[in-house]
Visitor: 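The following block contains the structure, expressed as structure tokens.
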Number of protein chains: 2
Amino acid sequence: MEKNDRISPAVIRRLPKYYRYLGELNKVGVNKTSSRELSDMTGFSASQIRQDLNNFGGFGQQGFGYDVGNLRNEIGKILGLDKKYKIIIVGAGNIGQAIANYTGFYEADYEVVALFDKNPKLIGLSIRNALIMDSDDLEEFLKKEHIDIAVICTPKSVSQQVAEQLVRCGIRAIWNFAPKDLKMPEDVYVENVHLNESLFSLTYYYNKMKKESK
Amino acid sequence: MEKNDRISPAVIRRLPKYYRYLGELNKVGVNKTSSRELSDMTGFSASQIRQDLNNFGGFGQQGFGYDVGNLRNEIGKILGLDKKYKIIIVGAGNIGQAIANYTGFYEADYEVVALFDKNPKLIGLSIRNALIMDSDDLEEFLKKEHIDIAVICTPKSVSQQVAEQLVRCGIRAIWNFAPKDLKMPEDVYVENVHLNESLFSLTYYYNKMKKESK
DNA sequence: AAATAATAGAGAAATTTTTCACAATATTTA
DNA sequence: TAAATATTGTGAAAAATTTCTCTATTATTT
Ligand SMILES: NC(=O)c1ccc[n+]([C@@H]2O[C@H](COP(=O)([O-])OP(=O)(O)OC[C@H]3O[C@@H](n4cnc5c(N)ncnc54)[C@H](O)[C@@H]3O)[C@@H](O)[C@H]2O)c1
Ligand SMILES: NC(=O)c1ccc[n+]([C@@H]2O[C@H](COP(=O)([O-])OP(=O)(O)OC[C@H]3O[C@@H](n4cnc5c(N)ncnc54)[C@H](O)[C@@H]3O)[C@@H](O)[C@H]2O)c1
């Protein structure tokens, strides 16, 4: 599908945003758009949007624009949102439960199959059809079920160890919420959600703004 | 403090990571480090680390390295982590509660002062000293209390409206968890945590890896 | 005391990313 | 039908970011 094998991460990071806005246009019945209009919505420059999309081939028509439904579909295919994904969550605390409760990963087929925790008070409870299981049973579970994505929501002290266990059982994609960088083999992809770092950046810009407005 | 007024966002995004690793070194009693060692820990190149730090002036000593405590302090000052910040959370659902419950914004002085929600079942409850208040009382509250950062954890349908209300009451820094890009005046800084986009990127790389390993 | 090794700082080069500019193509208007 | 307008695709230019290279400095070893 790709014209080019190696697409810059910056491009990949922007695709979900295009996808979201195309979904919104779709929902209100707009079926034609342009890089200009997408630029107004996303804040990225029109030429950057065209350049981005051209990495994957021409989805638009010169002189006309883009077909909303088609472009959304193509971006979905690039991201892999046309497939189903089974997810487990390790660590059923605040964040783990919040994610399990979340119904808004709409437009794509993610299913939280189970959660794992070591806290006996949590084991046995269910969150939206997903059972919280004993983390001692994790390896056995993974031997039987095919899971695409594991979410790590444990304290950082055990995150590396949990990640290694997951990888031993065949997991290749980890969504990591613990504030720790996992040391993983090359063929495991880790997407970090480092909320601390996000808040610290925010703090920097907040202070910068205050200083400048003085 | 800065040598240069305009620091690239890429640099700012890396500072929290340096800060975290310096904290870890500090904790285990290491008080001297080098760009080489920080490179091994963070995965950023040594020369990039030196370049980054030089944006703010020389914190190291040629031939010697960096003093861990001092460097951590300096980065903390750059980010503004030497100050206190009062936070409110609007939307006391899954994510709002998870953040209010979180004690791990350690090493900096963030205090969640209150949460706001419109759900009567939540109003009156407390999370770690922070009361969940009626969102109708938000404006009045903000007139009396000085708040630095507002966290938006409402559904996306109301996030723009909530943000505008916050800004009207003087808020200039927003940590936005709703999957929506807020249209805000220039002098308001918005830090987005777009978990959908993060998961979609993960999905892309997961599929890419699978394809390549075939 | 001299030689050696380690390391930051800093300018330059290389690379990556973004923007620009314009030809090609489609639609709309006169 | 012709002219005007809108818009993509694309190569080139510009800008931003990262890496390279070397000098100066410090600590350590001989
Ligand atoms: N809550 C937040 O807002 C927030 C913000 C930033 C980062 N984080 C990070 O996210 C992670 C989870 O945070 P949280 O607030 O949900 O914490 P939490 O304490 O509420 O949940 C952690 C859960 O992990 C479980 N656990 C511990 N060891 C385990 C193991 N070996 N196997 C399986 N489960 C185990 C605990 O029993 C607990 O239920 C932490 O690493 C935290 O630093 C959370
Ligand atoms: N939970 C997740 O894992 C997750 C993941 C990605 C994005 N998000 C986003 O984060 C936001 C919050 O998600 P959540 O799962 O916590 O949802 P939630 O439904 O649990 O919480 C939303 C809360 O906002 C309150 N609310 C609604 N309108 C309000 C208003 N006008 N003023 C004040 N409060 C109001 C609701 O009463 C509710 O308590 C949503 O925008 C969601 O899309 C959540």
Side-chain angles (χ1 to χ4, degrees), chain A residues 1-18 21-22 25 30-75 78 201 204, chain B residues 1-18 21-22 25 30-75 78 201 204:
Chain A
M1 185 208 319
E2 280 95 308
K3 246 168 56 171
N4 188 336
D5 192 38
R6 150 76 192 167
I7 309 287
S8 131
V11 175
I12 301 304
R13 298 272 150 204
R14 284 190 291 267
L15 294 182
K17 188 157 285 180
Y18 301 149
Y21 280 105
L22 289 164
L25 287 176
V30 176
N31 48 31
K32 169 187 183 276
T33 189
S34 67
S35 59
R36 169 75 188 286
E37 186 177 39
L38 287 169
S39 169
D40 289 344
M41 290 190 293
T42 62
F44 304 131
S45 79
S47 112
Q48 180 167 63
I49 292 169
R50 293 201 299 277
Q51 197 87 343
D52 282 357
L53 297 176
N54 262 71
N55 280 296
F56 305 97
F59 300 133
Q61 205 165 8
Q62 284 187 339
F64 175 76
Y66 300 93
D67 178 275
V68 170
N70 175 250
L71 181 57
R72 178 158 174 282
N73 245 279
E74 292 291 342
I75 293 176
I78 293 165
S201 297
Y204 171 84
Chain B
M1 187 209 318
E2 281 95 306
K3 246 168 53 170
N4 188 336
D5 191 39
R6 150 77 191 163
I7 309 286
S8 128
V11 174
I12 300 304
R13 297 270 151 205
R14 284 190 292 267
L15 295 182
K17 188 156 284 182
Y18 303 148
Y21 279 105
L22 290 164
L25 288 175
V30 176
N31 47 32
K32 170 188 180 279
T33 189
S34 67
S35 59
R36 169 74 188 286
E37 187 177 40
L38 287 169
S39 168
D40 289 344
M41 290 190 292
T42 61
F44 305 131
S45 79
S47 114
Q48 181 167 63
I49 292 169
R50 293 201 299 277
Q51 197 86 352
D52 282 358
L53 297 176
N54 260 71
N55 280 296
F56 306 96
F59 300 134
Q61 204 164 8
Q62 284 186 337
F64 174 75
Y66 300 93
D67 179 273
V68 170
N70 175 251
L71 181 56
R72 179 159 174 283
N73 245 279
E74 292 291 343
I75 294 176
I78 292 165
S201 298
Y204 171 84

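Here is how names work: the chains are called A, B, and so on, in the same order as the sequence lines, proteins then strands, and each is numbered from 1. Quantities reported herein were computed from a predicted structural model and do not represent experimental measurements. All values below were derived from every heavy atom in this structure, side-chain atoms included, with hydrogens, water molecules and symmetry-related copies excluded.
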Visitor: Rounded to the nearest 0.5 Å, how far apart are CD1 of Ile75(B) and CG of Asn70(B)?
Guide: 10.0 Å

Visitor: Taking 4.0 Å as the cut-off, does a side-chain nitrogen or oxygen of Gln61(A) come that near to OP1 or OP2 on dT8(D)?
Guide: no

Visitor: Grab the CD1-C1' distance between Ile49(B) and dC20(D) for me, whole Å please.
Guide: 16 Å

Visitor: dT21(D) phosphate, OP1 or OP2: any side-chain N/O from Arg50(B) under 4.0 angstrom?
Guide: no

Visitor: Using a heavy-atom cut-off of under 4.0 Å over every strand shown, decide if Ser47(B) touches base, sugar-phosphate, or nothing.
Guide: base

Visitor: Nearest of dA10(C), dG9(D), dA27(D) to any side-chain atom of Asn54(A)?
Guide: dG9(D)

Visitor: Could you state the CZ-P distance from Phe44(A) to dT18(C), rounded to the nearest angstrom?
Guide: 9 Å

Visitor: Check this one for me: any side-chain N or O of Tyr66(B) less than 4.0 Å away from OP1 or OP2 of dA6(C)?
Guide: no

Visitor: List the atom of Arg50(B), the atom of Tyr66(B), and the distance in Å for their closest heavy-atom pair.
Guide: CG-OH, 3.7 Å

Visitor: In Å, rounded to the nearest 0.5 Å, how long is the span from CG of Leu38(A) to CG of Leu53(A)?
Guide: 7.5 Å

Visitor: Using the closest heavy atom to pick a nucleotide of DNA chain C for each, name whichever of Leu53(B) or Pro9(A) lands nearer the 5' end.
Guide: Leu53(B)

Visitor: Can you find a donor-acceptor pair, distance only, under 3.5 Å between Gln62(B) side chain and dT25(D) base?
Guide: no

Visitor: Counting only side-chain nitrogens and oxygens, does Ser45(A) get under 4.0 Å of the OP1 or OP2 atom of dT19(C)?
Guide: yes

Visitor: As a test of reading the structure: which of dT18(C), dT18(D), dA27(D) is closest to the side chain of Phe64(B), going by heavy atoms?
Guide: dA27(D)

Visitor: Whole Å only: how far is the CD atom of Gln48(B) from the P atom of dA10(C)?
Guide: 17 Å

Visitor: Would you mind telling me which of dT18(C), dT7(C), dT8(D) lies closest to the side-chain atoms of Ser35(A)?
Guide: dT8(D)

Visitor: Taking CG from Asn55(B) and P from dA8(C), how many angstroms apart are they, rounded to a whole number?
Guide: 16 Å

Visitor: Can you confirm whether Arg13(A) is buried at CZ, in the sense that more than 12 heavy atoms of other residues, nucleotides or ligands lie under 6.0 Å from that atom?
Guide: yes

Visitor: Closer than 4.0 Å, any side-chain N/O of Ser8(B) to the OP1 or OP2 of dT17(D)?
Guide: yes

Visitor: Quickly work out the Ile12(A) CD1 to dT16(C) C1' distance and round it to whole Å.
Guide: 15 Å

Visitor: Can you name the closest pair of heavy atoms from Val68(B) and Lys32(B) and give their distance?
Guide: CG2-N, 3.6 Å

Visitor: Rounded to whole angstroms, how far apart are CG on Asp67(A) and P on dT8(D)?
Guide: 13 Å

Visitor: Round to the nearest Å and state the distance from Asp52(A) atom CG to dT16(C) atom P.
Guide: 17 Å

Visitor: To the nearest Å, give me how far apart CD (Gln51(A)) and P (dA21(C)) are.
Guide: 14 Å

